[in-house]
Each structure stands twice: as structure tokens, then as C-alpha cells.
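Below is one structure, written out as C-alpha cells, with a few remarks after it.
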Amino acid sequence: MAPKVRCAQSKEAAAKMEAELLQQLEEGGTMEGLQAVFSALAASETFVSHFYGRMPFVLDCGDLVAHRWTLEDQVLLLRHESYEVYQKDALPKKPIQLTGYSRFTHPAIGQAQAHSFMVDTTEVVDTTEASVRQGLEMGTWVISSGNSLSPQLAQICLALQSSFQVPFVTTNVYISRLDSPITAPLHTDRFDSFIMQTEGAKRWRIFGPGAATPRWPVLDAGMSDRGKAGDVLYLEQVGPLLLDECLKSGEVVYLPRGFPHATSTFQTSSVSGKTGYSTSLTVSLLLESVGLTVDKVLRCAAGIHEGRNALGQCFGAEEILVATPQHESLRATLPIGFLAPLVAPELRRSAKTHEEQEEIWVEGMVKEMNRLARSCQLARWLAERDMLEKVLRRVLSYLWHALPQATEWCRERVYSTGAVLKQIEPDQRHEVEEKALVEFPFFPAEGLMYAKSPSIHSPMPLL
């Protein structure tokens, strides 16, 4: 039985995608559970061409999602028996604080006295089961990158990582008490996310891009998150309301990168069963935040080709950086993994060797990058296109081979099931996994300075 799809703004496309999901699941072979559903979604041409990055929708996954994670599961993260490292080694068992992972939203948010998504800066002396339950009376309990703490959450990330064939997938957990008027004020995130409602219910309102919130923001092009850390995002600054849904346990909402959204649990107790809490998992595909956008490939190739002058300038890379805020095509996610057929449709039609796939993808990307250079009027690129194409092929080939390495890198260093992370105590993991996300080199060493986003300190969605 295929999951049901809801999208009031695009009912015909939703019905078509639902039919494609059913067909993919019937032909899916041995895959089961979440991986089967999201592999079917990744293979849906309607999802890739109509919904991805463009339109939110709700996917009813029923028991595949319902009760996968609850408040009681999260409380167990404060106990030593939840971690393999304490079972094997005679380590001193200091109280677990979930350092770098656990935080509460500011209590003024739930009281409708703060209109920016921000953390409670009150110093927490000791994180205990009693203190987190008390904290939930005033705000939302957020666990960032819960995949680094819980094998159960890591398995969810692994399922989506395999389904979408993207290297970095992380999970944040948000737990709020029911019937709160506001749990998250209007804000944006730089991630494509699937939010899985696992306990209780939550109302979601998602808006289209507006003048102050352009589609597909890129941080180092001056397009930061809006509505956070004191910045207030107003309804007049965003686009039309695209989705207004009360998400119930077992349902999933797709949130495109950069789309403004706000949440609430107001009047949700009547549809939440016996629980007093709303728990949701925000499973994010980290792409823009680790440099996997179109502009970075172009900047890398331009920088390697031109180099820097005596003043340290590279006009070719700078031309692309300046053009990025004006052209959303430069801000698009790179067509890797499930998106690769966008530039190389033959990859969808027949089985190929890895070498053949690389050649097809690289040539498709070269054509697409040149098309974008023309449409965005990148004069320096067009003037030296023949020479740049040779460099571009080298950059793309490097990236092609880096992607599977990055996947393994993530599994070992970012997921609690990995050989590296599971040997580390929970309060010491954050620095390791955050460094792993920031440091992986997707581009050749000589081009990193042109492609890397210098203002990114952490690609993690902290709230």
C-alpha cells in the first residue's frame, strides 16, 4: 500500500506522484520500511521535477513513522545504558549532559512574546530527567543531530541517505507540550527536510518564497537564515500560504530549502491520543550547507583556471559569487544522487558501470554548466569556455569519486552506529561529528579556497 500524498496547491501532481510511489513499491524488490518508501519517492519523476525544492506536501506513512521516537525515548539518552561505550569500557560514569546537542527554545516564544526562533540562554546547571520535563513546561526541547547519539535515529538517516544517494543526512528532534500557541515563529532553514511526526500532533504553516526570502538561499552569497536569533520575519515579507496542515503521528511533511514556515501545537490535544507531547524528527539533506550547490562547482573551476592575482583576487570566481543572489539557478542543489537524471536522463533508463555513469554525468553537467553560464551572462566564463571546460571536467570527476567516500565518512563519524563515534562518550561526540561535516573535501585541494564557504562555522540545523 503506497503512502497517501496531500498537497492542496497541486492536487493533480500529488495524485500522479502517489501512483508513481505505488508502482515503485510494487517493483521495489527486497527493500522494506522507510527505505522502501523514500527510495520510491527518490525515483518518482514527479517528485524530482515538480515538488523537490518547489512545493511542500504531506506524506501519510502510518506505522512506518508513528511512535518511532517519543519523549520517553529521548529521556533515555540521559542514561548510561543507552550507549555501547559504557558497556565495554570501565569508564567513570559522570552524569550525561548531552553537551552540544540539547537545548530549549526561549520561553517567550510559547508565550507569544518573542517572534524570533532562538534558544533559551539561561545556564543549565545540570541536565537531568527532571530538569528536561520541567523545561518542557516552558519551551521546546531540541536535540540537534540526534543521529550522533541514538542508533535508532541513525538508522533513519541511513535509510534516507541510501534512498536519496546523498552523503550527509542528519536528524533534529523537537519535543513540545501540546496546546502551545507557538512552538516556532516564522523562519527559514537552508535545508530540504522531511519532518516525521512520531508522537502527538503539530500544526505546520509553510509559505512560498518572497522578496525577503528568495528560493534556495546560499549563505556565502549573503543569504542567511531568516527569523532566527533576534531577526524577525514578518508575514508581509514572505510568499503565499502553500500548506496549512495539522500533522498527526505517522505523517511526514516535505519542507523545501528556504521556504518560510511556522509551527504550533495549539488545540492539538484532541487529535493526539493519550500523550501530552508533540514529537517530530526533522530529517535534513545537508547539501547547500556543505557546498553542494551549482555556484561552488563553477567557482572551483574558475578559480583553478585563473588563480589569484598579486592582490589575492580571482575575478572569475568573484563574477559567479556576485551573480549567485540574482540567479536562483546558480543556487540550485547540484544534481547528484537521485537528482543526477536531471542532467543525464539515460542514467534512469538502463544499468551502467560506475565508470560509464561518471562519463555520462560529467558530460551532462558540462553542458548544463555552460547553459547556465549563458543564461546568467557570466562574461568571463563564456570568454574562456574552452579552457574552462577542461578544468570543469576534472572538478566534476573529482566530485563524482568524492561522493561515495563522503557517504562512508558520514557513516563512521556522524552516526552513532559508526566505528568512530560509538567509541566516544556522548558528551564528547559533538566536536567530532561537527568537524566531520565541515571538513570533508568535495573539491580538489587547489580549488577549495574558491568553492568553500568561508562564513560557515557549522552546517548543522541548530534549531
Side-chain angles (χ1 to χ4, degrees), residues 165-168 218-221 286-324 330-337 339-340 343-344 354-373 376 378 380-414 435-457 459:
Q165 300 171 57
V166 297
F168 292 132
V218 169
L219 180 60
D220 64 344
L286 305 191
L287 294 164
E288 180 274 339
S289 57
V290 295
L292 294 176
T293 47
V294 168
D295 62 310
K296 304 302 189 295
V297 163
L298 293 172
R299 277 163 46 183
C300 183
I304 293 174
H305 170 67
E306 182 181 323
R308 295 189 296 170
N309 63 20
L311 298 177
Q313 299 166 306
C314 176
F315 293 114
E318 184 177 325
E319 174 186 52
I320 296 159
L321 179 62
V322 171
T324 300
L330 295 177
R331 308 194 300 268
T333 298
L334 280 172
I336 60 173
L339 297 172
V343 294
H354 190 72
E355 291 76 15
E356 290 172 332
Q357 290 177 342
E358 177 186 354
E359 181 180 357
I360 292 169
W361 182 76
V362 167
E363 291 309 309
M365 281 292 292
V366 169
K367 291 179 182 177
E368 178 64 10
M369 296 302 100
N370 282 325
R371 185 191 70 78
L372 290 177
C376 299
L378 301 178
R380 297 184 71 91
W381 182 283
L382 296 173
E384 302 187 51
R385 190 184 71 176
D386 292 343
M387 292 297 294
L388 277 164
E389 277 191 9
K390 296 178 182 179
V391 181
L392 180 60
R393 285 188 173 87
R394 180 155 60 91
V395 170
L396 291 168
S397 182
Y398 185 98
L399 174 60
W400 176 268
H401 289 278
L403 289 169
Q405 297 172 19
T407 298
E408 290 305 313
W409 174 278
C410 178
R411 291 175 179 176
E412 293 299 302
R413 295 168 174 82
V414 180
K435 187 177 180 181
L437 287 169
V438 172
E439 291 190 345
F440 186 85
F442 286 102
F443 301 102
E446 64 269 36
L448 274 177
M449 68 168 59
Y450 308 104
K452 194 171 179 63
S453 303
S455 56
I456 292 180
H457 298 297

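Since the model is a prediction, treat every value here as computed from it, not as a measurement. Throughout, residue positions are numbered sequentially from 1 according to the sequence presented.
The minimum heavy-atom distance between Y450 and R299, with the atom names listed, is O-NE, 2.9 Å. Between P167 and T407 the shortest heavy-atom distance is CA-OG1, 3.5 Å. The minimum heavy-atom distance between L396 and V297, with the atom names listed, is CD2-CG1, 3.9 Å. Pairing each heavy atom of A302 with each of A317, the nearest pair is CB-N, 3.9 Å. Closest approach of C314 and R308 over heavy atoms only: CB-CG, 4.4 Å. Across A451 and F443, no two heavy atoms sit closer than the pair CB-CD1, 3.7 Å.
Residue L298 holds its CG atom at 5.5 Å from CE of M369, rounded to the nearest 0.5 Å. Interatomic distance, T324 OG1 to D295 CG, rounded to the nearest 0.5 Å: 4.0 Å. In this structure, the separation between SG on C300 and CE on M449 is 10.5 Å, given to the nearest 0.5 Å. Between L392 atom CG and M365 atom CE the span is 7.0 Å, to the nearest 0.5 Å.
With sequence neighbours left out, the salt bridge (charged side-chain N to carboxylate O under 4.0 Å, His left out) criterion links R413 to no other residue. Applying the salt bridge (charged side-chain N to carboxylate O under 4.0 Å, His left out) criterion to E408, with sequence neighbours excluded, gives R411.
Here salt bridge (Lys or Arg N to Asp or Glu O under 4.0 Å) pairs that include residues 361-372, with residues two or more places apart or in two chains, are E363-R393, E368-R371.
R380 places a side-chain heavy atom less than 4.5 Å from the side chain of E306.
Ring geometry for F442 against F168 counts as perpendicular: the plane angle is over 60°, on a 0 to 90° scale with 30° as the lower cut.
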